[in-house]
Structures are given as structure tokens and as C-alpha cells.
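This report concerns only the one structure given below.
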Amino acid sequence: MKIAMLSPECSPIAKVGGLADVVIGLSKSLQLQGHDVSIILPKYDCMRYDQISNLETVYYDLPVMYRGEWQANDVMSGVVEGVKCFFIDGKWHKNFFNRGKIYGESDDNDRFAFFSKAAMEFMFKVGMDPDIIHSHDWPTALANVLQREIYYKEGMRKPRLVYTVHNFAHQGIAHESVLGDLGLNSAMLPLECRENDYSIVNFMKSAVVYSDYITTVSPNYANEVQLTEKGMGLQYLLNKYHHKFSGILNGIDEEYWNPKDDQYLSHHYDVEAIENKYKNKEVLRERFLLRDEYKPIVAVVSRLVQQKGVDLIKHSIFYALEQGAQFVLLGSSPDPNISYEFAEIKDMLNENPDCHLEFGFNEALSHLVYAGADMILIPSLFEPCGLTQLIGMRYGTVPVARFTGGLADTVHDVEYSRVSQKRRNGYTFIDANKEGLEFGLGRAIDDWFNEPQQFRNLVNNGMKSDFSWKMSAKKYVKIYKYLHSQV
Ligand SMILES: Nc1ncnc2c1ncn2[C@@H]1O[C@H](COP(=O)(O)OP(=O)(O)O[C@H]2O[C@H](CO)[C@@H](O)[C@H](O)[C@H]2O)[C@@H](O)[C@H]1O
């Protein structure tokens, strides 16, 4: 099948969070299974150009009608991790993608609405005509509306539309004038695509209504968003369209995340020969100036946003130290208040030889943290899937996770899980408060000190688990094929 992925992120060239990992991981796996995949992205000035090969301009001056005028764009192609990518390079004065960042601009809605239109226009002009247009999250949601309302009518009839939601907390809300900017007739957009104030358009709702199939990134989160407030206001709509909605668990790219030959590690290991993991622990300690003592390292690798349980992360720093563990954090926050709070804690613990907080986004360092730590903590308030617990397990780092969303699908508690002993791989806790966190983390630290064999079994079980994309990619293909069988 011919699949066009539309995404604002793609690892490792344009990554803010897990969406980037999923887009490349799923694409690689689909390609391995014999499908023809292209990823279409904006051409940001801040991309990792060193990770793109064969970059060349393939279309000059692609005209895109926006705000009633033809705007020129070049389109470049390149290869990322073996997958063909196209980059839309807006040449006009607004410079939507030369902002030094991917998100966080006051005109994000306009930037990504424009990208959706330009991506559709590109596919139309070059006659790409994919079997599937697979768009992701709010930034590419309007592509689905554009396909049905404009491009289908102009003859681009083949594509079936699949839409994956990585987080219902960010939906893309804008005044309906955004539709006119894209050449859509605002009056045609159904009311269920709008907010209570009908002049406000909700991008995600629109994609739910217009797509042929909607997925989210774990089965448990798919249930939660239909049944609870985790649907962030979309519960009704998701229930209405439940026949075309399901959860497919994310995988990880096991080639990229592989302790056996990880490009960022100097000591490689696997489940059969794990000793080198502890050399990475030494390297991590040296790097973060932690003392070399018989203690477990608890790690957090995260965007520091409320979703991730920032108050619980803060509490866990002090709690882990109190319990005799070391604590490391690699995190960055788009929220200055949260950044400030963590900077204060860093100041307070500056002289502590058992703690290091590192701020910023650092891909290479994240690999060392996964490899060097003993436990990875994910105390999220909600979590659509979560990748850090999967990556942690791949590196023999035991997850301590809140029992929610995809974390509940993937982390199986050593004592309280219903799965067989062999599949138990971590510690979970239910309550999103200090007591809950201490219940999960306390048991993990205690077992590390006092039940080393039990802890080691968890390490082994995690490392032996299959978190590859293979099975999940097959589930997507099944959906793609089903949609075409319905035509
Ligand atoms: N400071 C830092 N430096 C380097 N790397 C860092 C980093 N902070 C985070 N990362 C990396 O970013 C990724 C984050 O993965 P998450 O699953 O936490 O995704 P996120 O919440 O962003 O995305 C959403 O989409 C994904 C994908 O569907 C869902 O799993 C998730 O639940 C949902 O919230 C991991 O690869 C992690 O290593």
C-alpha cells in the first residue's frame, strides 16, 4: 500500500516528544512489511539536517492558495532512517517554519493549518494519490477536512483517511476564519466539529468527524477517553463514532533503541550479558558528578508538563534520596513557572552527591540515562501510551509507573498484576498523590536493596519483552486494508 504520513514531528530530525518516535518507528516498520511510505513534514530551520541524507529540492514554487493569495513553496525530499520524507518550505514572507522551534508560537494554529493545506496541495499536484493519508494529532487534523471538501472533489478520490491521536489534551482550537484562509467554505463544517460557540473550530473534532478511521495509542487510553473526562470533552463524539475508533499500542524502534549497539553508548550490552549496563551507570555518575556508592539510580526522562505529574516528580526527588537512592532527571519544560520550580530544587540540592537535575532536550544524554539508571519513574496524571517505560525496559531499567492509560497496558506490577510471573516487569501505583507514589517507588527501592533476585527478574522480563512495532504496524495495515475493502 502507498501511505502518506502527515506529521509535525519525526525523530530524530524534528523531535519534541513521543509523536516523533512513533512517526518514524511506525513508518520504518510499515516499510519493512513491504509498504511504500512517505512522511510529509514542514521544513523547519531547526531540524537536525545532519540526520537527513540526499536532501534536494524536488518541486519549485508550489503555489498554495492561502488567505486568498497564491503563496509559493519549495518542496524538498530527503531520507531519514531509510524512510523517504518530503519537506514543505514556505517561501513567503510569513516564514511559518523558520522560528527556531517546532511549537510554541502564537500563530501555531495558522502555521499548521497552512502546512496541512500545502501538504495536500503537494500530493495533488504531483499526483501522489496514496491509498492512505495517515495524519497525526491536532497539527495535521485539517488535512482530512481539506481532502474531503476540496481535493476529493477535484479528483483525488483514492485516499482513505486515518487519524491518530497521541494526546486528547491538545486539540487545536481556532476561530472559523481559519477555514476561509484555507479556501474552505466555513458554512459547510458540521456543528459537531465546533465548540459550544459555533464560531470556534476544533481541529481534532473535525478530524474525528471526517476521518475514515481514528486510532489512539493504547487500548486502555482508548477506553478512558470514551468513558471518562480524559476524553477532554470529546467523549460524546468518540462514543458516537466508536465503530471507527480503537486503540493500538505504540511500539518502539528496536533498531534505534538497542543497548547492544546504541550509537550513543560506549558500553554495549544485552539481556544475556548485562554487566556492561553497570559500566554505563559509572559513566552516568561521572557525567552527573554523583558519588560511586552501592545505591540504585532512579531516573526521570520527560517533558515537564502537568500531564507528567510534575508535583509527583518533585516529591519523588526528595523521597528517593530519603530512601537511600540516587536521583537523576533529564527534562525540559515549555512552561517558565515549572522550569523555575525545578531550577529552585536544583539549587537547593546542588551540593548533594546523590542527585542531578539536567534541563534541556538532549537525545544523546537520554540514551545514557536509560542505560545507566536502575529505575525509570513515570508518575503521569494521564498517559496516552508512554514510550519511556518501553525504552527503559529495553535498556534493563525497571519502570515505576502510575496505573493509567498505556502505562497500565505495558507495566505489570511485580505483586499485583494479573499477568503471569514471566510478564511482570515493574511497579505500578494507582493514586496520583504522595502516598501512591511512595507505594510504588518505595517498593522498587526496597526490592533493589533487599530482594535483588526479584528485582533482577523484572530487569530480565522487561528486556525480553517484545515492544517492537511489528505487531502494531500489522494492526494499522489491517485497518488500511479494511478501509480499502469498503470502497
Ligand atoms: N529532555 C529530554 N531529552 C531527550 N529526550 C527526551 C526528553 N524528554 C523526553 N524525551 C524523549 O521524548 C519521548 C517522550 O515520549 P512520551 O511517550 O513521554 O511522549 P509524549 O508525552 O511527548 O507524547 C505523546 O505521544 C506519545 C506517542 O504516541 C505517547 O506515548 C505519549 O503518551 C503522549 O503523551 C521519549 O523518546 C523520550 O526519551
Side-chain angles (χ1 to χ4, degrees), residues 5 7-12 14-27 48 102-103 134-139 163-171 204 215-222 224-225 230 232 247-254 256-257 262 264 299-310 313 328-334 338-339 342 356-371 373 376-395 397 399 401-402 404-411 467 469 472 476:
M5 294 273 174
S7 173
E9 294 184 44
C10 176
S11 182
K15 172 165 170 175
V16 174
L19 166 59
D21 298 69
V22 169
V23 165
I24 194 69
L26 173 60
S27 299
R48 292 270 312 267
I102 292 178
Y103 312 112
H134 190 155
S135 49
H136 296 265
D137 266 355
W138 74 265
Y163 179 62
T164 296
V165 179
H166 298 260
N167 197 335
F168 279 95
H170 305 289
Q171 300 178 3
M204 189 168 273
T215 68
T216 190
V217 289
S218 71
N220 190 39
Y221 186 59
E224 289 175 346
V225 295
K230 289 194 178 109
M232 308 276 176
I248 298 180
L249 196 64
N250 281 339
I252 51 172
D253 178 352
E254 290 198 332
Y256 181 76
W257 295 108
D262 187 314
Y264 296 113
V300 168
V301 179
S302 187
R303 295 183 299 113
L304 299 171
V305 293
Q306 290 305 344
Q307 172 195 344
K308 302 294 181 183
V310 279
I313 295 175
V328 302
L329 174 139
L330 172 59
S332 60
S333 185
I338 295 178
S339 302
F342 277 91
H356 182 87
L357 311 186
E358 180 83 16
F359 303 131
F361 184 90
N362 188 331
E363 181 71 22
L365 190 53
S366 74
H367 290 239
L368 179 62
V369 173
Y370 289 119
I376 180 119
L377 174 67
I378 312 115
S380 307
L381 302 185
F382 69 94
E383 195 60 77
C385 178
L387 300 176
T388 62
Q389 80 280 14
L390 306 182
I391 303 170
M393 286 190 255
R394 179 100 171 120
Y395 284 74
T397 301
R402 191 154 169 263
T404 183
L407 296 170
D409 280 329
T410 51
V411 183
F467 295 121
W469 267 106
S472 297
Y476 279 105

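Just so you know, ligand 1 is whichever comes first in the structure, and atom 1 is the first atom listed for that ligand. In what follows, every heavy atom counts, from backbone to side chain, and hydrogens, waters and symmetry copies are set aside.
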Could you work out, for [atom], the closest of [options] by heavy-atom distance?
atom: atom 24 (C) of ligand 1; options: E383, H170, H166; result: H166
atom: atom 38 (O) of ligand 1; options: F361, Y221, W257, Y370; result: Y370
atom: atom 19 (O) of ligand 1; options: G18, A20, S11; result: G18

Of all the non-hydrogen atoms in the protein, which one sits nearest to [atom], and at what distance?
atom: atom 22 (O) of ligand 1; result: R303 NE, 2.8 Å
atom: atom 17 (O) of ligand 1; result: L387 N, 2.7 Å
atom: atom 27 (C) of ligand 1; result: N250 ND2, 3.3 Å
atom: atom 12 (O) of ligand 1; result: K15 CE, 3.5 Å
atom: atom 8 (N) of ligand 1; result: S302 C, 3.5 Å
atom: atom 3 (N) of ligand 1; result: N362 N, 3.0 Å
atom: atom 34 (O) of ligand 1; result: Q307 NE2, 2.9 Å

- Message: Counting the benzene-type ring for Trp, do Y476 and H134 have ring centres under 6.0 Å apart?
- Response: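 Y476 vs H134: aromatic centres under 6.0 Å.
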
- When the ring planes of Y395 and Y370 are compared, do they come out parallel, tilted or perpendicular, using 30° and 60° as the limits?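 Rings of Y395 and Y370: tilted, as their planes differ by 30° to 60°.
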
- Message: Which label fits Y256 and Y264: parallel for a plane angle under 30°, tilted from 30 to 60°, or perpendicular past 60°?
- Response: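 Perpendicular, since the angle between the ring planes exceeds 60°.
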
- Message: Looking only at distances, can you tell me whether any N or O atom of G360, backbone or side chain, sits closer than 3.5 Å to an N or O atom of ligand 1?
- Response: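 Yes, at least one N or O pair falls under 3.5 Å.
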
What atoms of ligand 1 come within less than 4.0 Å of a heavy atom belonging to [X]?
X: D21; value: 13 (C), 36 (O)
X: L330; value: 1 (N), 2 (C), 3 (N)
X: V22; value: 27 (C), 28 (O)
X: G331; value: 1 (N)
X: I391; value: 36 (O)
X: V217; value: 28 (O)
X: G386; value: 17 (O), 29 (C), 30 (O), 31 (C), 32 (O)

Of the non-hydrogen atoms in [X] and [Y], which two are nearest, and what is the gap between them?
X: G17; Y: R303; answer: CA-CD, 4.4 Å
X: V217; Y: H166; answer: CG1-ND1, 3.6 Å
X: A169; Y: F382; answer: CB-CZ, 3.7 Å

Is there side-chain contact between [X] and [Y], with heavy atoms separated by less than 4.5 Å?
X: F168; Y: M204; answer: yes
X: P399; Y: M393; answer: yes
X: P8; Y: D137; answer: no
X: W469; Y: N250; answer: yes
X: I313; Y: F342; answer: yes

- Item | ligand 1 contacted by E358 (non-hydrogen, < 4.0 Å) |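 Flag not set, E358 not near ligand 1.
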
- Query: Heavy atom under 4.0 Å from ligand 1: found in K308's side chain, backbone, both, or neither?
  - Reply: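 Near ligand 1, K308 shows its side chain, while the N, CA, C and O stay back.
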
- Under 4.0 Å from ligand 1, counting heavy atoms only, is it the side chain of V16, its backbone, both or neither?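 None of V16 does.
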
- Flag the pair E363 and K15 as a salt bridge only when some basic side-chain nitrogen lies within less than 4.0 angstrom of an acidic carboxylate oxygen.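 A salt bridge links E363 with K15.
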
- Query: Between E383 and T404, is any side-chain donor less than 3.5 angstrom from a side-chain acceptor?
  - Reply: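 Absent: no donor and acceptor within the cut-off.
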
